[in-house]
Amino acid sequence: MDVTITPRQGLKGLFSVPGDKSISHRALFIGALAEGTSVIKGLSRGDDPLSTMRCLRALGVEILDQRDQVTIVGRGLKGLRPARNELDAGNSGTTIRLLTGILSGQRFDSTISGDASLRRRPMKRIIDPLTMMGAKIKATENLTPPVAITGVPKLSSITYELPVASAQVKSALLFAGLFADGTTTVVESIRTRDHTERMLGLKVVAGGSKTVIEVEGGTKIEPRDFRVPGDFSSAAFLLVAGLLVPGSDLTIRNVGLNPTRTKLLDILCNHGANVAILNREVIGGEPVGDIRVRSSELHGDITLGGNDVAALIDEIPSLVVAWMFSNFNLTLRDARELRVKESDRIKALVVNLRAVGLDVTEFDDGFAFRGNNDVLGGVIDSFDDHRIAMAFGVAGLRTKEGIRVQRADCVSISYPRFWDVLQAM
């Protein structure tokens with residue numbers, strides 16, 4: 001379906017966003033591996049976490065999905081059962097990568113695949129270290145899904161320094177480490193989101209330029225109650241809407257503020273954004289608060305690369321839209337990882353920025369453009385990527401004539417009611 005977003009004035013009110021997608025995945029996996037019954041409140045209802053739920057059920061995990069909570073009867077580390085058919089991870093890279101880590105330590109065989117987009121996602125980055133641990137994994141000739149995993153008696157612990165900044169790779173290895181002899185150690189030079197280590201209560205040592213995370217094989221996982229905060233990556237779209245639309249003053253409630261996720265806030269505030277954090281608290285080891293945002297004129301050129309890209313990886317489309325209307329330059333480098341997300345996001349952003357009239361220079365690892373406060377609007381292609389669709393939907397609120405988003409139903413991946421929320425603002 002296509003959706004047209006027209007210009008607005010004065011966005012007001014209190015808003016909530018879906019539960020954090022990254023935490024939702026991990027709560028489901030941890031609950032499934034626990035020895036006892038866990039309860040999850042606030043689980044994301046996006047397609048991606050539902051793919052994780054579907055795969056776990058196929059592996060014999062009893063999951064009761066009620067209106068306001070999800071109850072999981074954990075099977076322990078050794079209690080998963082072989083699935084009758086190929087596991088379907090849908091569009092979810094988190095599902096297939098973290099589940100590959102877990103299934104690498106099982107005694108039975110499994111195969112995981114997904115939709116056409118997922119079958120283009122790179123798996124070598126987890127296959128290599130998992131193979132070092134003794135896993136037996138086969139993928140396509142291009143090392144993309146489907147992934148076939150042969151059961152093994154037990155994995156061996158390793159020390160592995162991540163060659164690419166990826167919380168998914170880190171988490172796959174940490175979950176696999178639960179099924180290994182001894183201590184598995186993951187070292188990262190660039191800090192990535194740390195939900196897995198927080199939720200599992202792992203030992204983390206940060207010193208100098210590196211962070212070291214350790215997991216003991218065979219560690220018993222206790223059941224627990226999870227309360228999932230609002231997803232910061234989803235809140236980013238409403239945050240940018242509040243900044244861009246004149247006369248706006250809105251509050252986004254109960255948003256996860258994990259410091260590995262909030263680089264966007266730092267950048268926006270350093271460039272003139274009128275943002276305040278209210279009602280701070282810590283829930284389940286995760287900082288949470290309300291974000292109040294008022295319309296602001298952003299200023300200053302910005303150049304992003306290196307560590308900034310890893311910290312911003314899911315919020316780059318939001319940041320790009322914020323700078324579309326700033327009359328300043330944005331340059332992005334060191335961002336090749338964007339080419340292997342749900343879409344080639346470098347290409348998608350460049351094509352759509354040009355479609356609304358901006359002059360963009362594309363690089364192999366990024367792009368550069370200068371914003372324009374008088375963007376007319378136009379027709380943009382979502383590339384079936386939820387974050388591209390939502391970012392340019394927000395842009396439509398500020399353009400002169402609005403924006404029509406093609407194939408807009410892809411937002412169901414993370415924020416199923418996004419268009420209803422945006423139209424009602």
Side-chain angles (χ1 to χ4, degrees), residues 13-75 89-92 94-95 98-99 193 195-196 198-201 221-239 250-258 261 278-292 386 390 409 411-425:
L14 300 173
F15 298 88
S16 298
V17 293
D20 186 285
K21 191 157 70 83
S22 295
I23 294 175
S24 293
H25 283 295
R26 288 156 174 82
L28 288 166
F29 283 127
I30 292 170
L33 297 176
E35 297 187 11
T37 300
S38 297
V39 174
I40 308 172
K41 293 185 177 180
L43 185 84
S44 168
R45 297 295 169 168
D47 289 348
D48 279 5
L50 295 182
S51 291
T52 289
M53 189 185 298
R54 181 175 60 247
C55 289
L56 289 173
R57 282 176 167 156
L59 291 163
V61 181
E62 182 182 344
I63 303 176
L64 178 61
D65 188 1
Q66 298 167 300
R67 188 171 194 179
D68 58 347
Q69 68 181 36
V70 172
T71 303
I72 305 180
V73 181
R75 300 192 62 85
N91 187 249
S92 177
T94 301
T95 301
L98 273 59
L99 190 56
R193 57 188 64 179
H195 303 302
T196 301
R198 283 176 182 257
M199 295 171 75
L200 286 173
I221 299 177
E222 299 291 341
R224 56 183 284 196
D225 291 346
F226 298 93
R227 179 177 154 192
V228 182
D231 189 282
F232 181 82
S233 297
S234 296
F237 300 109
L238 304 188
L239 168 62
L250 58 88
T251 299
I252 314 163
R253 297 178 292 189
N254 187 43
V255 180
L257 298 172
N258 184 301
R261 300 284 298 279
L278 313 173
N279 303 319
R280 292 179 184 266
E281 57 180 327
V282 177
I283 300 173
E286 293 281 348
V288 177
D290 300 338
I291 303 174
R292 183 182 182 186
H386 57 132
M390 289 188 281
D409 48 336
V411 301
S412 64
I413 292 295
S414 61
Y415 199 161
R417 293 190 60 252
F418 178 76
W419 298 121
D420 295 335
V421 172
L422 210 62
Q423 296 285 19
M425 292 180 88

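Values in this document were obtained by computation on a predicted structure and should not be read as measured data.
For the side chain to side chain donor-acceptor pair (under 3.5 Å) with Ser233, the lone residue among Lys21, His386, Arg261 that qualifies is Arg261.
Residues satisfying the side-chain contact (heavy atoms from CB on, under 4.5 Å) test with Val73, not counting sequence neighbours, are Thr37, Glu62. Under the rule for a salt bridge (charged side-chain N to carboxylate O under 4.0 Å, His left out), the partners of Arg54 that lie at least two apart in sequence or sit in another chain are Asp88. By the ring pair (Phe, Tyr, Trp, His ring centres under 6.0 Å) test, Phe226 is found to be paired with no residue, residues two or more places apart in sequence or in another chain being considered. Every salt bridge (charged side-chain N to carboxylate O under 4.0 Å, His left out) that Arg45 has, sequence neighbours left out, goes to Asp65. Leu64 meets the side-chain contact (heavy atoms from CB on, under 4.5 Å) test with Gln66, Thr71; sequence neighbours excluded. By the side chain to side chain donor-acceptor pair (under 3.5 Å) test, His25 is found to be paired with Thr52, residues two or more places apart in sequence or in another chain being considered. Residues that satisfy the side-chain contact (heavy atoms from CB on, under 4.5 Å) test with Ala235, not counting sequence neighbours, are Val17, Ile252, Val255. The side-chain contact (heavy atoms from CB on, under 4.5 Å) search around Leu422 returns Ile5, Val394, Leu397, Phe418, Trp419, Met425, not counting sequence neighbours. The salt bridge (charged side-chain N to carboxylate O under 4.0 Å, His left out) check on Asp409 picks up nothing, with sequence neighbours excluded.
Pairs passing the salt bridge (charged side-chain N to carboxylate O under 4.0 Å, His left out) check and including a residue from residues 416-425, sequence neighbours excluded, do not occur. Pairs engaging residues 278-289 under the side-chain hydrogen bond (donor to acceptor under 3.5 Å, both in side chains) rule: His195-Glu286, Asn258-Glu286, Asn279-Asp290 [sequence neighbours left out]. Applying the salt bridge (charged side-chain N to carboxylate O under 4.0 Å, His left out) test to residues at least two apart or on different chains, the pairs with a partner in residues 25-42 are Glu35-Lys220.
The backbone N or O of Ile30 lies less than 3.5 Å from no partner atom in the side chain of Arg224, so there is not a single donor-acceptor pair.
Listed here is the closest heavy atom pair of Thr95 and Asp48: OG1-O, 3.6 Å.
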